[in-house]
*Asks:* 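Submitted below is the structure of interest, expressed as structure tokens.
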Protein chains: 2
Amino acid sequence: MKIGLIGTGNMSRSLGILWAEQGHEIFWGSRDPNKAKSVAEFAGHNTQGGTNDEAAEFGEVIFYSVRGVMPSTVLSSTDCLAGKIILDCNNRDIPEGFAYGPLMAESLAEKLAVDVPNARVVKAFNTIAQEVFELSPEPLQEHQVSVYICGDDLEARQTTMTLAKDIGFNPIDCGPLRSARMLEALGDFIRFMIGGMGLGPYATISVNVLPEASQQRLGRRQSGS
Amino acid sequence: MKIGLIGTGNMSRSLGILWAEQGHEIFWGSRDPNKAKSVAEFAGHNTQGGTNDEAAEFGEVIFYSVRGVMPSTVLSSTDCLAGKIILDCNNRDIPEGFAYGPLMAESLAEKLAVDVPNARVVKAFNTIAQEVFELSPEPLQEHQVSVYICGDDLEARQTTMTLAKDIGFNPIDCGPLRSARMLEALGDFIRFMIGGMGLGPYATISVNVLPEASQQRLGRRQSGS
């Protein structure tokens, strides 16, 4: 699959490398095309780098890791995004001292979708610190770390779930894009655990359905122990 | 430890039985004292039942499972709560069809604390469906299901963490009571997973810190694979 990554920050570099290792075609974009090219040189695996416009043009899937700036500003035109899957991994700024005010009534992902109505926006990868991606994929498979995925296009969600599985994560389908409000709140929560409560960047949050074997104990309990 | 449970709903019954099995002294309270007494009869383990006032008087720790009604309304006086730990497990109503509007700017737990300023309110057990408590404690220990705990009194949090451990859960310290805003959002999220996404009541959400053994792979990755 052809993946264009807008932005060359930690998240973008780590995920791009992981996907490249799994055989996906990777193109990093940056305001500074030379920076993106040097990321690709470091990463190897026939990855490429260039401008943001080139990355947007290249990808069937666009990993959008630029926070607080909309695609219509970053790209000279968003026409090339038509029908493409845009992965939004961004979280809002944590208030100083984790002093929580009102939570969001509209998610960043929904705002992004308003900016690029021709694209298929998916929220994903916003609840995991970049350091965790350094571990992929073998140890992650063992620990069943969840990636929460939502978006209004079913096929886009399914593609994203496959991309998450490719690099060792356990994808959790969270339904329509409005669920991003919950997922960004989850992003706040894990960052609070990592920073505010001092668990560090390897703290992760996973959804598990307890297996059938456990549920059989119900009988014992219901009969009034 | 003496635990008074206000309300005799599913959550209150299941948790009371689990704590009784671990040797804690249990008193259920209800508007209908006969109902509370029959719960205690069913539960055995020398548990007791009676009025809400009696339960509030009895407990060193109060499990408060009455939703949408404040202790100052439920009890004839809140004087007996002075210095006691109040466990709030409540979540707000889920909007119909999980159609999310604005999230909370103030948590239910904080509202509760305003109503009983003499007590030590702790948010806990609001992210787990009652069915999961039927499994405790052995299968839960195996699956490391997290209980998220916050409150402004450190000792009250520590006591609650011990009570969670007693019945097979992995307690996660979430700091001050204002974190309840995040925990109640987490409550929304898990209920969305259970209901909206159809994972069912055995879906759980756990915080895990990935172990050191995994982190050693960092070296491999950083050297540019």
Side-chain angles (χ1 to χ4, degrees), chain A residues 14 17 21 42-44 98-106 131-136 138-140 142-146 148 172-175 178-179 181-183 185-186 188-190 192-193 196-197 199-200 202-215 217-218 221-222 224-225, chain B residues 14 17 21 42-45 98-105 131-136 138-140 142-146 148 172-175 178-179 181-183 185-186 188-190 192-193 196-197 199-200 202-215 217-218 221-222 224-225:
Chain A
S14 293
I17 291 172
E21 288 178 350
F42 171 80
F98 294 97
Y100 281 85
L103 295 178
M104 74 285 298
E106 193 188 31
E131 286 84 346
V132 171
F133 296 107
E134 304 281 353
L135 310 174
S136 296
E138 303 86 354
L140 290 178
E142 184 185 329
H143 296 294
Q144 288 290 297
V145 176
S146 297
Y148 306 95
I172 306 283
D173 185 354
C174 298
R178 66 169 182 237
S179 298
R181 298 172 194 183
M182 290 188 292
L183 298 193
L186 211 57
D188 287 352
F189 178 66
I190 193 61
F192 174 66
M193 288 282 105
M197 297 307 297
L199 296 189
Y202 297 99
T204 62
I205 188 160
S206 286
V207 164
N208 298 299
V209 180
L210 302 187
E212 291 292 328
S214 301
Q215 295 176 35
R217 304 208 174 219
L218 258 171
R221 172 92 47 203
Q222 291 292 30
S225 58
Chain B
S14 294
I17 290 172
E21 289 177 351
F42 170 82
H45 292 284
F98 295 95
Y100 282 85
L103 296 179
M104 74 284 298
E131 286 83 348
V132 171
F133 296 107
E134 306 281 354
L135 309 175
S136 293
E138 302 85 354
L140 290 180
E142 187 185 326
H143 296 295
Q144 288 288 297
V145 176
S146 296
Y148 306 96
I172 306 284
D173 185 354
C174 298
R178 68 170 182 235
S179 299
R181 298 171 194 183
M182 288 188 291
L183 298 193
L186 211 56
D188 286 353
F189 178 66
I190 192 63
F192 174 67
M193 288 282 106
M197 296 308 297
L199 296 189
Y202 297 100
T204 62
I205 188 160
S206 286
V207 164
N208 298 299
V209 180
L210 302 188
E212 290 294 328
S214 301
Q215 295 177 33
R217 302 209 175 218
L218 259 171
R221 172 91 48 204
Q222 291 292 33
S225 56

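Naming convention: chains lettered A, B, ... in sequence-line order (proteins, then strands); numbering from 1 in each chain. Heavy atoms only: backbone and side chains are in, while hydrogens, waters and symmetry mates are out.
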*Asks:* For S14(A), check side chain to side chain contact (heavy atoms under 4.5 Å, CB included) against everything at least two apart and list the hits.
*Replies:* Q130(A), F133(A), E134(A)

*Asks:* Can you list everything that forms a side chain to side chain donor-acceptor pair (under 3.5 Å) with D173(B)? Sequence neighbours excluded, please.
*Replies:* R157(B)

*Asks:* Once rounded to the nearest 0.5 Å, what's the spacing between atom CE of M197(B) and atom CD1 of I172(A)?
*Replies:* 9.5 Å

*Asks:* Hey, could you give me the CG/CG distance between L199(B) and N208(A), rounded to the nearest 0.5 Å?
*Replies:* 10.5 Å

*Asks:* Assert yes or no for the condition that the ring centre distance of F189(B) to Y148(A) is strictly below 6.0 Å.
*Replies:* yes

*Asks:* Out of C174(A), G200(A), A203(A), G175(A), return the one with the most heavy atom pairs under 4.5 angstrom to chain B.
*Replies:* C174(A)

*Asks:* Heavy-atom distance under 4.5 Å to chain A: side chain of L186(B), backbone, both or neither?
*Replies:* side chain

